[in-house]
Amino acid sequence: MGDEGKLVGIVLVSHSAQVAASVAELAKGLAGTGSAVPVAPAGGTEDGGLGTSAELIAAASASVDRGAGVAVLTDLGSAVLTVKALLAEGDELPEHTRLVDAPFLEGAVAAVVTASTGADLAAVEAAAAEAYTYRKV
Amino acid sequence: MLDAVFFRRWMAVTSAAVDREAERLTALDSPIGDADHGTNLQRGFSAVRAAMDEEPPATPGAVLTRSGRLLISTVGGASGPLYGTLLRRTGKALGDAPEVSREQLAEALRTGVDAVRQLGGAAPGDKTMIDALVPAVDALGDSFAAARAAAEEGAVATTPLRARKGRASYLGERSIGHQDPGATSAALLIACLADASDASGAYEAGEASGG
């Protein structure tokens, strides 16, 4: 369990605002109604184009931080590199923010469902990463 | 010795060069990338230039640290965190010395390049900016001109390579025959460093005369 029943926050970073928002909606929907897990999308650039915004990522991370840590999932390329660069900076993202190595959609569902049980950041990370092993054929 | 004025000039010269070369960088990024390299860098270095003019940092390290942070937040593509990390780590390695030697810069830049390699996971020969930066850092111990030539040579040498990092890597064999846009812009950054060192002041980048 996370500290004092606090829930891990989830941030979903995609090159596309629509993709990030839709994956957030899907993951929350599959976690079940009444799930209190804070999930925030950080998609696209600040002017609405395709790309990555450090500012949107920092704002989304701050908005889901309940004190139990923040798991950040990304799609690819600049989304991954920007989160890594912000983490290397030290003070740009909430304390106990982690870039989770996971497939974006499947990992997001696993992370949100796991976080909704009150699991800690390490458990959320492990569940999201395990989504890589989910074979469809 | 190189002071904050020199480093601010490097950033100003780079901003002007990126404006001048934006179309070429984007054109290189069209067959093997997503055709935004020039405009992305233009946005980033414009922000850097504006910040340097507005509140000029007082030390070489501060110029590069501030510039790197701005690139991370303004570029919007992979070149933002990559160039941002390069400048920021180089700046941090320079510390708060009011002046640094070329040799100290070469050493700091190596720290920056190592951080970029760690961030992106690219090695020499992967057809990335690393192919221009590594030889440039090696040559910077000799002279600015040698660094410029080595970076340019490294960028040109990416043409026959097959991309192993980034979007171009999805193209496999089809990435062969195109000069890498990232290596090209990295060579431009190093060329601008050599320009900034040109004591004749032939490159008038506004700030160059401003002191």
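- Under a cut-off of 6.0 angstrom, the local environment of CZ in B/Arg88 is crowded, with over 12 non-hydrogen atoms contributed by other residues, nucleotides or ligands.
- Sparse packing is recorded around CG of B/Asp96, with 12 or fewer heavy atoms of other residues, nucleotides or ligands lying under 6.0 Å away.
- The heavy-atom pair separating A/Ser78 from B/Gly76 by the smallest distance is OG-O, 4.1 Å.
- Interface remark: B/Ser73 contributes backbone and side-chain atoms alike to the contact with chain A (heavy atom separation under 4.5 Å).
- Applying the 6.0 Å contact sphere to CZ of B/Arg66 captures no more than 12 heavy atoms from other residues, nucleotides or ligands.
- Between B/Ile72 atom CD1 and A/Glu92 atom CD the span is 7.5 Å, to the nearest 0.5 Å.
- Within 6.0 Å of atom CD in B/Glu103, more than 12 heavy atoms from other residues, nucleotides or ligands are found, so the atom counts as buried in its surroundings.
- Considering all non-hydrogen atoms of both residues, B/Ala78 and A/Leu81 come closest at CB-CD1, 3.7 Å.
- Neither the backbone nor the side chain of B/Arg167 has a heavy atom closer than 4.5 Å to any heavy atom of chain A.
- Only the side chain of A/Leu86 comes within contact range of chain B, with at least one heavy atom under 4.5 Å from a heavy atom of that chain.
- Proximity to chain B (any heavy atom under 4.5 Å) is shown, for A/Thr52, by both the backbone and the side chain.
- The choice from A/Thr45, A/Thr82, A/Val80, A/Ile57 that makes the most heavy-atom pairs within less than 4.5 Å of chain B is A/Thr82.
- Residue-environment remark: CD (A/Glu130) stays at or below the threshold of 12 foreign heavy atoms within 6.0 Å.
- Applying the side-chain hydrogen bond (donor to acceptor under 3.5 Å, both in side chains) rule to pairs touching residues 176-188 of chain B yields B/His37-B/Ser185, B/Tyr83-B/Ser185, B/Gln179-B/Thr184, sequence neighbours excluded.
- Taking non-hydrogen atoms and a 4.5 Å limit, the residue list of residues 106-118 of chain B in contact with chain A is empty.
- For A/Leu76, the part lying under 4.5 angstrom from a heavy atom of chain B is the side chain only.
- Between B/Thr85 and A/Ala85 the shortest heavy-atom distance is OG1-CB, 3.9 Å.
- Counting non-hydrogen atoms of other residues, nucleotides and ligands closer than 6.0 Å to CD of B/Glu99 gives a total above 12.
- By the neighbour-count criterion of 12 heavy atoms within 6.0 Å, atom OH of A/Tyr132 is densely surrounded, having more than that number from other residues, nucleotides or ligands.
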